[in-house]
Amino acid sequence: MTTGVLPLDKPRAPRRPAARRSNFELYSWLFMRISGIALVVLVLGHLFIMNILDEGVQRINFGFVAGRWASPFWQFWDLSMLWLAQLHGGNGLRTIIDDYARKDTTRFWLKMLLYVSMAIILILGTMVIFTFDPNI
Amino acid sequence: MTAAADTATTSTDASDIPAPEGSITVTVKILRFNPELDSEPHWESYDVPALPTDRVLNLLINIKSYVDGTLSFRRSCAHGICGSDAMQINGINRLACKVLIKDLLAKKDKQTTITIAPIKGLPVMKDLYVDMEPFFEAFRAVKPYLITYGNEPTRERIQSAADRERFDDTTKCILCACCTTSCPVYWADGSYFGPAAIVNAHRFIFDSRDEGAEERMDILNDAEGVWRCRTTFNCTDACPRGIQVTKAIQEVKRALLFKRV
């Protein structure tokens with residue numbers, strides 16, 4: 001016997017792993033709510049500026065993007081949109097994988113694929129926003 | 001499965017069932033499964049007489065008594081108190097003893113078909129009879145009993161009406177498993193505690209006499225706890241006792257979020 005509790009207590013009972021005592025699920029739940037609200041403003045604002053304001057999508061070219069990213073405000077806007085959307089969507093996919101993957105190995109590899117693709121997009125996107133050179 | 005075994009189990013002659021005056025013939029379609037003969041569950045139909053005031057349970061008992069004695073299902077009190085006869089009736093989790101035939105009748109001149117399947121997400125042992133052990137394991141895991149510390153009072157533990165009101169709704173649970181087995185998260189992931197366990201944790205977490213709220217909240221804060229709830233409200237719709245199950249789950253979430261019971 002490795003545990004102090006007699007199994008006679010509840011025979012045939014399925015075993016449940018001990019609670020991990022972590023607040024991760026609480027914070028990820030909270031993050032989904034807050035980032036969701038922020039994304040409504042950020043994404044709808046982005047779509048409005050890009051597609052409706054002035055001449056809409058017709059006016060977007062290299063110069064337009066270069067002009068926007070010259071301002072720290074738009075850099076910050078696009079950066080927060082990138083990070084919030086990636087983490088929000090990634091966390092949503094994580095729960096979907098948890099729900100639908102039937103085997104632990106499938107679950108593990110799908111999550112690895114998800115995390116790697118999230119990291120690539122986050123790093124690449126952040127790099128472009130900060131190292132963008134309008135003079136190329 | 002052999003053909004001989006197939007014919008042995010498919011006696012659907014319902015002519016022995018007494019048909020009282022005013023009864024109509026309805027088709028009861030049951031998802032049958034005999035672990036000794038079948039590899040997969042299969043549907044079987046029975047045309048049986050039914051009064052509009054009959055309950056679905058009456059039809060099942062008639063089928064078992066007069067047509068096929070091998071039909072297996074749980075029932076005990078047959079009055080919606082014990083919670084034994086939870087099953088999926090026309091796709092919705094209900095107690096067979098609480099659903100009247102008149103509420104299931106098809107529109108004029110159409111044949112009424114009532115489909116009955118075992119509740120989902122728990123291993124089917126036979127016909128409508130499922131293994132409830134995983135369900136009760138989750139129930140036990142949330143410590144559904146009074147936890148107190150220090151000396152026992154010499155008198156009863158006094159509680160105000162307002163304090164009692166806070167968990168009144170969740171005291172109504174009869175552990176029939178209608179809610180837990182209607183939850184899509186529970187279908188996909190059997191280690192999720194499920195609505196019923198959370199309802200019974202809620203009953204003690206919000207009880208002013210109880211001192212074990214923190215222990216239970218720690219358990220429900222885990223990966224398989226309340227945060228897996230997607231608020232689909234299936235549990236609230238399924239509950240035969242009318243408990244606001246989803247609301248109870250959200251109250252536990254709120255208590256966790258603000259660290260306040």
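All values reported here derive from a predicted model rather than from experimental measurement. These values consider heavy atoms only, across backbone and side chains, with no hydrogens, waters or symmetry-generated copies. Labels below follow one simple rule: chain letters A, B, ... track the order of the sequence lines, proteins then strands, and each chain is numbered from 1.
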Can you name the residues of [range] that have some heavy atom under 4.5 Å away from a heavy atom in chain B?
range                      : answer
residues 87-103 of chain A : A/T95, A/D98, A/D99
residues 70-81 of chain A  : none
residues 28-36 of chain A  : A/W29, A/L30

Within a 6.0 Å radius of atom [atom1] on [X], are there more than 12 heavy atoms belonging to other residues, nucleotides or ligands?
X      : atom1 : result
B/Q250 : CD    : yes
A/W109 : CH2   : no
B/N151 : CG    : no
B/F136 : CZ    : yes
B/R209 : CZ    : yes
B/K172 : NZ    : yes

Exercise answer: donor-acceptor pairs, residues 112-123 of chain A side-chain atoms, under 3.5 Å, sequence neighbours excluded:
| residue | atom | partner | partner atom | Å |
| --- | --- | --- | --- | --- |
| A/S117 | OG | A/L113 | O | 3.0 |
| A/S117 | OG | A/L114 | O | 2.8 |

Over all atoms of both residues, closest heavy-atom pair of B/K259 and A/L26: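 Taking every non-hydrogen atom into account, NZ-CD1, 4.3 Å.
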Interatomic distance, B/L257 atom CG to A/Y27 atom OH [nearest 0.5 angstrom]: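 Here the interatomic distance stands at 9.0 Å.
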Distance in Å, B/E224 CD paired with A/E25 CD, rounded so as to fall on 0.5 Å steps: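 So the CD of B/E224 and the CD of A/E25 are separated by 8.0 Å.
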